[in-house]
Amino acid sequence: MNKYYFILILGGITFGTAAIFIKLSEMSPGMIAFARFFIAGLILSRGKLDPRKILSQWKVGLLLSAHMILFIFSVYHTTIIDSTVLVSTSPLFSLALAPLVGIPTTRKEIITGLVAFLGVVLMNFPVNQGYLLGNLMAIVSAFTIALYTILLSKTGTEDPLLLTSYIYLMSSLFSLPVALLQGPGRIDLPSTLSLLGLIALPTLVGHTSVIYASGHVKPQHIEVIGLLEPVVATLLALPIFYQVPSLLEIVGGGMIVLSISILTWRR
């Protein structure tokens, strides 16, 4: 396994904390998205701010902002389980979109992607159908992150951390109007700590790992590895929310881990 796959797996693990931090926070979705990317962007910029280069990342910045706001909204309008499983349909979108932009998809990638997605379905079976708005938001969020990952593969990465900074700051600009419209929400100690956790783990480690590996790893692989998110979320739900995983959750999680192992074997 090369370093890019290792970094992606580490990032995929941190993604599993995102829904939990969001659920523990009482800030508005717009405020969470704006503060998350703005603070992380400033940290990674190391003082090297170039407005023209920041604006040049408007396409991926818009998609990342849309993904995050839709995902946060979905967490608030449906269950964490439903939101997580529907966002995890992103590999299917990635597998479908990749050939359209000249990125070939092999039979192995299709099989591992489908097996991993089946594992997600098993982990969250049966899916609650009573939260239509939140579920639709999660599906659109999955589409935007798949398209975002594909566009990243076409982006230069001469300085991955600086590129990450530009994308985050551009995303924060797109999130700002939503934050102003909704207001900050409730800002207290739990919400602040949740925001800091969201910045430190799924943002600085998780999303940065995706940007760092883009151009070196196929977007289809990045999306499949991202399916570690529901596995980790399920494991964390045990000590935090006292939710004991079912047999289907254990089997589904095993299928996801197995698919990722096959996909990254001998790389």
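These numbers were taken from a predicted model, which means no experiment stands behind them.
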| query | Are F15 and V210 close enough that some pair of their side-chain heavy atoms sits under 4.5 Å apart? | reply | yes
| request: Could you name each residue pair satisfying ring pair (Phe, Tyr, Trp, His ring centres under 6.0 Å) that touches residues 88-114, not counting sequence neighbours? | output: F93-F143
| query | Do Y5 and H221 have side-chain N/O donor and acceptor atoms under 3.5 Å apart? | reply | yes
| said: With no hydrogens and no angle check, just 3.5 Å: does a side-chain donor-acceptor pair link S175 and S65? | reply: yes
| Stepwise side chain to side chain donor-acceptor pair (under 3.5 Å) check, S90 with E223 | CA-CA 6 Å; S90 57; E223 290 298 330; 2.6 Å; yes
| Hey, does the side chain of K53 reach the backbone of L163 with a donor-acceptor pair shorter than 3.5 angstrom? | no
| Does S261 use its side chain to pair, donor to acceptor, with the backbone of V257 at less than 3.5 Å? | yes
| message | Closer than 3.5 angstrom, by distance alone: can the side chain of T203 be matched with the main-chain N or O of A200 as a donor-acceptor pair? | response | no
| said: For the OG1 atom of T164 and the CD atom of Q57, what is their distance to the nearest 0.5 Å? | reply: 9.5 Å
| request: Drop me the distance from D50's CG to L169's CG, to the nearest 0.5 angstrom. | output: 11.5 Å
| For T208 and Y168, does a side-chain donor sit closer than 3.5 Å to a side-chain acceptor? | yes
| request: Output yes when R46 and D159 qualify as a salt bridge under the 4.0 Å nitrogen-oxygen rule, no when they do not. | output: yes
| query | Given the side-chain rings of Y4 and Y212, with only the six-membered ring counted for Trp, is the space between their centroids under 6.0 Å? | reply | yes
Output a table of donor-acceptor pairs, distance under 3.5 Å, between side-chain atoms of residues 66-73 and any protein atom two or more places apart or on a different chain; print 'none' if there are none.
residue: H67; atom: ND1; partner: S141; partner atom: O; Å: 3.1
residue: H67; atom: ND1; partner: S141; partner atom: OG; Å: 2.7

| Which residues share a ring-ring contact (aromatic ring centres under 6.0 Å, His included) with F21, sequence neighbours left out | none
| Spatial distance of atom CD1 (I22) from atom OG (S194) [nearest 0.5 Å] | 10.0 Å
| Taking S165 for the side chain and L161 for the main chain, is one N or O donor matched with an acceptor at less than 3.5 Å? | no
| task | Verify the neighbour count for atom CZ of R186: are there more than 12 heavy atoms of other residues, nucleotides or ligands below 6.0 Å? | result | no
| Is T112 reaching over with its side chain to a backbone N or O of E109, donor-acceptor style, under 3.5 angstrom? | yes
| field | L248 with L118, same ILVMFWY side-chain cluster at under 4.5 Å | value | yes
| request: Using modelled atom types only, decide if a donor and an acceptor are shared between the side chain of K23 and the backbone of Y76 within a distance under 3.5 Å. | output: no
